[in-house]
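Heads up, the thing below is written out as structure tokens.
All values reported here derive from a predicted model rather than from experimental measurement.
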Amino acid sequence: MAIGVFDSGVGGLSIHRALVARLPEADFVYLGDQANAPYGGRDGEAIVGLTRDGCARLFAEGCDLIVLACNTASAIALRRLQQSWLPAVRRTRGRPANVLGIIVPTIEAATGRRWRDEGCAVAAALPSTLGIFATRATVASRVFEIEIAKRRPEVAVFSEACPDLARMIEAGADRGALAAVVRRHVDALVARIGGPPDRAVLGCTHYEIVAELFHAALPPGTPLIHQPSATATALADYLAAHPEYDPGTVGSRRFLTTDPAALRNGLAEAFWGGPLPFEPSVVLTA
């Protein structure tokens, strides 16, 4: 079998790269929905429909376990799919099937406490303020605020929607324009908090490629939580706890896209660190 990785575009390649580094012998199939990217400005039902169809495509490719390498899909669609869609998928396929997100691993890394660590002492490095930079849809869902409040109610969470940033990155905007947008959103968040956050989360996988711009715009010494490493650690732990999922042993890699023409700007190679052999896939419709 294989592990599926789904994203609305190419930002999820940063997650995928970390998963491959952590699990080099596992087999992976990546699907990027470039035809509909980015998801951040879409309505909730469209996001759920596109994410469901993307997961269905990966199940059809032989994956039993799928990672949503997209914060918007994880925030808006994951719970719906787990509760109302996956049970029927499991019955139809007659074997285990699951879809995981990247929000929970991010919160674990940001708060210093794993989801299953009930009753454990508060981590010494626990932040009192946490800044979240994300798409409009992720911020509107309040998923970070809601889930952190369940685990660490003493942490004040401040989210800043960056509605144009993912689209600019996908379009290959120049560094100066991207830096100006990042600076504007960082300044807005710092002003709202009344000072710098103790930690900041890049809550969109696209933002990893401009992480240095966030570092430059944030006050010196502000730690950034990086989702790729957090997700890789969480997936390795999940597989160790769930032997019913076979990640494969060949180390094969397949890359699918719903819009090959959208990959001609070299952005996928920038996220991955080298050339990628993308295969065309069916276009997803919400």
Testing the basics here: between [X] and [Y], what is the closest heavy-atom pair and its distance to 0.1 Å?
{"X": "I47", "Y": "T51", "result": "O-OG1, 2.7 Å"}
{"X": "V29", "Y": "A2", "result": "CG2-CB, 4.2 Å"}
{"X": "G62", "Y": "M1", "result": "O-SD, 3.3 Å"}
{"X": "P163", "Y": "R136", "result": "CB-NH2, 3.1 Å"}
{"X": "I102", "Y": "A69", "result": "CD1-C, 3.9 Å"}

Ionic contact status for R151 with E147, cut-off 4.0 Å |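 No salt bridge links E147 with R151.
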
Could you tell me whether R57 and D53 make a salt bridge, using a distance below 4.0 angstrom between a side-chain N and a carboxylate O?
->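 No salt bridge links R57 with D53.
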
Would you indicate whether the side-chain heavy atoms of [Y] and [X] approach each other to under 4.5 Å?
{"X": "I225", "Y": "L202", "result": "no"}
{"X": "D259", "Y": "N36", "result": "no"}
{"X": "F158", "Y": "I132", "result": "no"}
{"X": "N98", "Y": "Y238", "result": "yes"}
{"X": "V155", "Y": "D198", "result": "no"}
{"X": "V282", "Y": "T258", "result": "no"}
{"X": "L13", "Y": "L276", "result": "yes"}
{"X": "V201", "Y": "L130", "result": "yes"}

Rounded distance [0.5 Å steps], CD1 in I66 versus CG in L100 =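 The CG atom of L100 is 9.5 Å from CD1 of I66, to the nearest 0.5 Å.
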
Spacing of T249 atom OG1 and L23 atom CG [to the nearest 0.5 Å] =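 It is 12.5 Å, given to the nearest 0.5 Å.
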
Under the ring-ring contact (aromatic ring centres under 6.0 Å, His included) test, residues paired with [X] that sit two or more places apart:
{"X": "F255", "answer": "H16, W272, F278"}
{"X": "F144", "answer": "none"}
{"X": "Y207", "answer": "F214"}

Can you name the side-chain contact (heavy atoms from CB on, under 4.5 Å) partners of [X], sequence neighbours left out?
{"X": "E279", "value": "R254, L256"}
{"X": "E244", "value": "P96, H242"}
{"X": "P228", "value": "S14, I15, A18, E208, H226"}
{"X": "R93", "value": "F59, D64, V89, R95, A97"}

Taking everything shown except R253 itself, do over 12 heavy atoms lie less than 6.0 Å from its CZ?
->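 Yes.
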
Pairs where residues 159-171 contributes a residue and the test salt bridge (charged side-chain N to carboxylate O under 4.0 Å, His left out) is met, not counting sequence neighbours |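 Checked against salt bridge (charged side-chain N to carboxylate O under 4.0 Å, His left out) - neighbours excluded - the pairs reaching residues 159-171 are E160-R192.
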
Scan residues 14-29 for pairs that pass salt bridge (charged side-chain N to carboxylate O under 4.0 Å, His left out), counting only residues two or more places apart or in two chains.
->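 For residues 14-29, and leaving out neighbouring residues, there are no salt bridge (charged side-chain N to carboxylate O under 4.0 Å, His left out) pairs at all.
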
Give every residue pair that meets the side chain to side chain donor-acceptor pair (under 3.5 Å) criterion with at least one member in residues 172-182, sequence neighbours excluded.
->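 Applying side chain to side chain donor-acceptor pair (under 3.5 Å) to every pair that reaches into residues 172-182, excluding sequence neighbours, yields R175-E212.
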
Output all residues satisfying side chain to side chain donor-acceptor pair (under 3.5 Å) with R80, sequence neighbours left out; order by chain, then residue number.
->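 Counting only residues at least two positions away or on another chain, R80 forms a side chain to side chain donor-acceptor pair (under 3.5 Å) with E45.
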
Counterpart residues, side chain to side chain donor-acceptor pair (under 3.5 Å), relative to Q227 (two or more places apart) |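 Per chain and number, Q227 pairs via side chain to side chain donor-acceptor pair (under 3.5 Å) with N71, T106.
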
Partner of L31 by side chain to side chain contact (heavy atoms under 4.5 Å, CB included), out of V5, L58, D7, T257 |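 That would be L58.
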
Name the one of I103, L19, T205, L68 that satisfies side chain to side chain contact (heavy atoms under 4.5 Å, CB included) with T231?
->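 For T231, the side chain to side chain contact (heavy atoms under 4.5 Å, CB included) test succeeds with only one of I103, L19, T205, L68, which is L19.
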
Positive for side chain to side chain donor-acceptor pair (under 3.5 Å) with Y39, one of D33, T72, T135 |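 Going through D33, T72, T135 one by one, the side chain to side chain donor-acceptor pair (under 3.5 Å) with Y39 is satisfied by D33 alone.
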
